[in-house]
Amino acid sequence: MVFSYFFEVQNTVTRYSMAKEDLIGNTNEPNQEFDLIEVVIIRRGKEASGDDIFQYLESVFQSDIERMREYVDIPAGSEIEKEVVRMTGMGQTIYEKGREEGLIPLFKLVKDGIIKFADAVAYSSMSEEEFDQKMKKAGY
């Protein structure tokens, strides 16, 4: 099934970087001339693993400042603490909106009979009633 890949990569961290390869001729460029791009992709799972990065991210996404303090110095009552509270609230709003929009393709697959309703409900981690309500609200 298409979704199985997403479960396989949960709780992983992958680094992608550029490397130089001379195809014709030979150049002696120092690394700093071409090694300018590096991307790290962090893929959380439904449950945080025991690794610190996932524990920290879990505390960020749950707006749990006390747990965040285990990893980052956030003085009580500081401007940083106020900003963390503001940003986590905004993050939750963005998450909810993204989740709603991300469900639309799933609703379409159910409507078109490509995926069974029960499978879509299981994938969404919602109750049948909640999934049905959101599907109807989205016009499917």
Side-chain angles (χ1 to χ4, degrees):
M1 186 171 202
V2 175
F3 299 121
S4 66
Y5 169 76
F6 298 106
F7 294 109
E8 292 172 15
V9 298
Q10 291 185 82
N11 294 319
T12 61
V13 179
T14 307
R15 180 190 349 236
Y16 297 91
S17 59
M18 291 180 61
K20 177 182 157 292
E21 178 184 4
D22 290 323
L23 300 177
I24 299 174
N26 188 15
T27 62
N28 292 319
E29 295 174 284
N31 284 356
Q32 65 264 22
E33 294 296 322
F34 64 86
D35 191 13
L36 303 175
I37 298 175
E38 186 171 277
V39 177
V40 175
I41 297 179
I42 301 171
R43 298 175 195 93
R44 291 181 58 231
K46 286 190 176 205
E47 302 291 325
S49 75
D51 295 300
D52 285 346
I53 185 67
F54 297 113
Q55 294 295 322
Y56 171 69
L57 289 174
E58 188 72 19
S59 68
V60 170
F61 296 137
Q62 291 180 352
S63 305
D64 187 342
I65 293 177
E66 291 309 313
R67 277 186 50 215
M68 289 164 81
R69 285 188 171 116
E70 294 174 21
Y71 303 94
V72 181
D73 182 26
I74 304 172
S78 68
E79 200 59 39
I80 293 172
E81 181 182 53
K82 292 174 190 169
E83 189 64 18
V84 167
V85 170
R86 187 179 76 78
M87 292 304 293
T88 52
M90 184 169 40
Q92 183 64 30
T93 302
I94 292 168
Y95 169 79
E96 288 169 5
K97 183 174 172 135
R99 180 169 168 85
E100 295 290 324
E101 291 175 9
L103 288 170
I104 290 174
L106 192 59
F107 296 154
K108 185 168 178 17
L109 291 171
V110 170
K111 181 183 174 206
D112 293 345
I114 297 169
I115 294 178
K116 295 178 191 171
F117 180 83
D119 291 338
V121 169
Y123 179 73
S124 72
S125 301
M126 291 184 215
S127 68
E128 287 186 11
E129 296 79 23
E130 183 182 8
F131 188 87
D132 189 51
Q133 288 173 352
K134 289 183 184 293
M135 193 168 163
K136 286 177 182 170
K137 183 179 175 185
Y140 289 93

Got a sec, which residues hit side chain to side chain donor-acceptor pair (under 3.5 Å) with [X], two or more places apart in sequence or on another chain?
| X | result |
| --- | --- |
| Glu79 | none |
| Thr12 | Arg43 |
| Asp112 | Lys108 |
| Ser125 | Lys46 |

Please report the interatomic distance [atom1]([X]) to [atom2]([Y]), rounded to the nearest 0.5 Å.
| X | Y | atom1 | atom2 | result |
| --- | --- | --- | --- | --- |
| Glu83 | Ser78 | CD | OG | 10.5 Å |
| Ile53 | Ile42 | CD1 | CD1 | 4.0 Å |
| Asp22 | Asn28 | CG | CG | 8.0 Å |
| Leu109 | Phe117 | CG | CZ | 14.0 Å |

request  = Check whether any side-chain heavy atom of Val110 sits under 4.5 Å from a side-chain heavy atom of Tyr140, and report yes or no.
outcome  =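 No. Closest side-chain heavy atoms not under 4.5 Å.
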
key: 4.5 Å side-chain heavy-atom contact, Phe54 and Val13   =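 The answer is yes, as the side chains (C-beta and beyond) meet within the 4.5 Å cut-off.
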
Where is the tightest heavy-atom contact between [X] and [Y], given as atom of each residue plus distance?
| X | Y | value |
| --- | --- | --- |
| Leu103 | Ser124 | CD2-CB, 4.2 Å |
| Gly102 | Pro105 | O-CD, 3.2 Å |
| Ser59 | Met68 | OG-CG, 3.2 Å |
| Glu81 | Ile65 | CG-CD1, 4.0 Å |

inquiry  = Do Met18 and Val39 land in one hydrophobic cluster if side-chain heavy atoms of ILVMFWY residues count as linked below 4.5 Å?
reply    =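 As far as the 4.5 Å side-chain criterion goes, Val39 and Met18 are connected within one cluster.
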
Same apolar cluster (I L V M F W Y, side chains within < 4.5 Å links), Val40/Tyr16 =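 Per the 4.5 Å side-chain linkage, Val40 and Tyr16 are not co-clustered.
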
query = For Val72, what residues pass the side chain to side chain contact (heavy atoms under 4.5 Å, CB included) criterion, not counting sequence neighbours?
reply =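 Per chain and number, Val72 pairs via side chain to side chain contact (heavy atoms under 4.5 Å, CB included) with Tyr56, Ile74.
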
request  = Not counting sequence neighbours, which residues clear side chain to side chain contact (heavy atoms under 4.5 Å, CB included) with Glu29? List them please.
outcome  =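 By the side chain to side chain contact (heavy atoms under 4.5 Å, CB included) rule, Glu29 matches Lys20, Thr27, Glu33, Phe34.
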
task = Verify side chain to side chain contact (heavy atoms under 4.5 Å, CB included) between Asp51 and Asn11, making sure each step is shown before the conclusion.
result = CA-CA 9 Å; Asp51 295 300; Asn11 294 319; 5.8 Å; no

ask   = Should the heavy atoms of other residues, nucleotides or ligands under 6.0 Å from CD1 of Ile41 be counted, would the total exceed 12?
value =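 Yes, the 6.0 Å shell around CD1 holds more than 12 heavy atoms from other groups.
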
request  = Evaluate salt bridge (charged side-chain N to carboxylate O under 4.0 Å, His left out) for Arg67 paired with Glu58, printing each intermediate quantity in order.
outcome  = CA-CA 9 Å; Arg67 277 186 50 215; Glu58 188 72 19; 5.7 Å; no

Below 3.5 Å, can you tabulate the donor-acceptor pairs from side chains in residues 129-139 to any protein atom, sequence neighbours excluded?
residue, atom, partner, partner atom, Å
Asp132, OD2, Lys136, NZ, 3.0
Lys134, NZ, Glu100, OE2, 2.7

Salt bridge (charged side-chain N to carboxylate O under 4.0 Å, His left out) partners for Glu21, two or more places apart =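 Once residues adjacent in sequence are excluded, Glu21 has no partner under the salt bridge (charged side-chain N to carboxylate O under 4.0 Å, His left out) criterion.
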
